Amino acid sequence: GPAIETFLAHPLVGQGPATFAVSYLRTQTAPPAMIYNQAHSLYFNTLAEGGALGLLAGTFMIVAVARELWRRRNERATESRAAVAIGLAALAAFATHGSVDTVTFDKGNVVILAVLVASGFAVAQETKRPAWLGTRVTVSVVAALALALGAYGIWRDDPAHQGTAL
């Protein structure tokens, strides 16, 4: 398929971010009914766009986070163990879903993953925080960032969706 062909043409660093549609169109002999702007596999998409180094870097990051969460799984406080379990489950769901879809294409998925994984680190850290960094402020900031990122993603991707809609 186009992802493998692109990877073989650019094995070390890939073709570049957000360039899968170009690869897809190169492999079509007739105008397609639909233009895909992602490989519908996180792993193949990363190989095509980021090459072996991109896949290695992404794998290293996910494994490092998973190892740290796994290390924290035996925390004493029940809420800490639950938060760590949620973080690990989110990583597992992300990795599994990534085999059949490019889950990072929708930035909202990335924000949700980051919040769930961060909860495993934040609750497990039983340190004293300043009053201004309370739960309400943190939730409000994360929600505002998620909304802003979602709005930006819609604004940024709309021309591409308009241009590829047949």
Side-chain angles (χ1 to χ4, degrees), residues 1-70 72 83-122 138-166:
I4 296 297
E5 290 176 20
T6 303
F7 169 67
L8 293 174
H10 310 277
L12 191 59
V13 294
Q15 182 170 280
T19 59
F20 180 79
V22 174
S23 302
Y24 180 76
L25 288 172
R26 274 193 207 126
T27 63
Q28 303 301 306
T29 56
M34 183 157 186
I35 298 172
Y36 294 102
N37 54 4
Q38 56 185 329
H40 287 85
S41 165
L42 176 63
Y43 311 110
F44 287 126
N45 202 77
T46 302
L47 276 173
E49 294 181 356
L53 289 178
L55 187 65
L56 186 64
T59 302
F60 177 79
M61 181 182 69
I62 290 172
V63 168
V65 169
R67 285 186 67 193
E68 181 58 23
L69 283 171
W70 185 256
R72 294 174 183 225
V84 168
I86 289 170
L88 285 167
L91 275 178
F94 180 80
T96 303
H97 189 184
S99 65
V100 295
D101 200 4
T102 307
V103 291
T104 56
F105 185 73
D106 180 358
K107 305 308 179 240
N109 290 340
V110 176
V111 170
I112 291 168
L113 174 69
V115 168
L116 292 175
V117 169
S119 71
F121 287 107
T138 304
V139 169
S140 299
V141 168
V142 168
L145 286 172
L147 286 172
L149 187 59
Y152 169 73
I154 291 169
W155 171 80
R156 185 205 63 211
D157 294 340
D158 189 52
H161 291 295
Q162 296 297 324
T164 57
L166 300 177

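All values derive from a computational prediction rather than experimental measurement.
Atom CG of L88 is separated from atom CG of L69 by 5.0 Å, given to the nearest 0.5 angstrom. Taking CG from L47 and CD1 from I4, the interatomic distance works out to 6.5 Å, rounded to the nearest 0.5 Å. To the nearest 0.5 Å, the span separating CG on L25 from OG1 on T27 amounts to 7.5 Å.
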Show me, pair by pair, the donor-acceptor contacts under 3.5 angstrom made by side chains of residues 52-59, not counting sequence neighbours?
from	atom 1	to	atom 2	distance (Å)
T59	OG1	L55	O	2.7

Donor-acceptor pairs are to be reported for all side-chain atoms of residues 8-18 against protein atoms at under 3.5 Å, with residues two or more places apart or in another chain.
from	atom 1	to	atom 2	distance (Å)
Q15	OE1	S23	OG	3.3
Q15	OE1	R26	NH1	3.2
Q15	NE2	T19	O	2.9
Q15	NE2	T19	OG1	3.1
Q15	NE2	S23	OG	3.1

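Each ring pair (Phe, Tyr, Trp, His ring centres under 6.0 Å) pair with one or both residues in residues 17-39, not counting sequence neighbours, appears once here: Y24-Y36, Y36-H40. The list of side-chain hydrogen bond (donor to acceptor under 3.5 Å, both in side chains) pairs with a residue in residues 87-101, not counting sequence neighbours, is empty.
Put simply, the side chain of W70 does not reach to within 4.5 Å of the side chain of V84, judged on heavy atoms.
Side-chain atoms of N45 come within 3.5 Å of backbone atoms of A39 as a donor-acceptor pair (strictly under, hydrogens ignored).
Counting all heavy atoms, side chain and backbone alike, A21 lies closest to I35 at CB-CG2, 4.3 Å.
Not counting sequence neighbours, F44 has no partner by the ring-ring contact (aromatic ring centres under 6.0 Å, His included) test.
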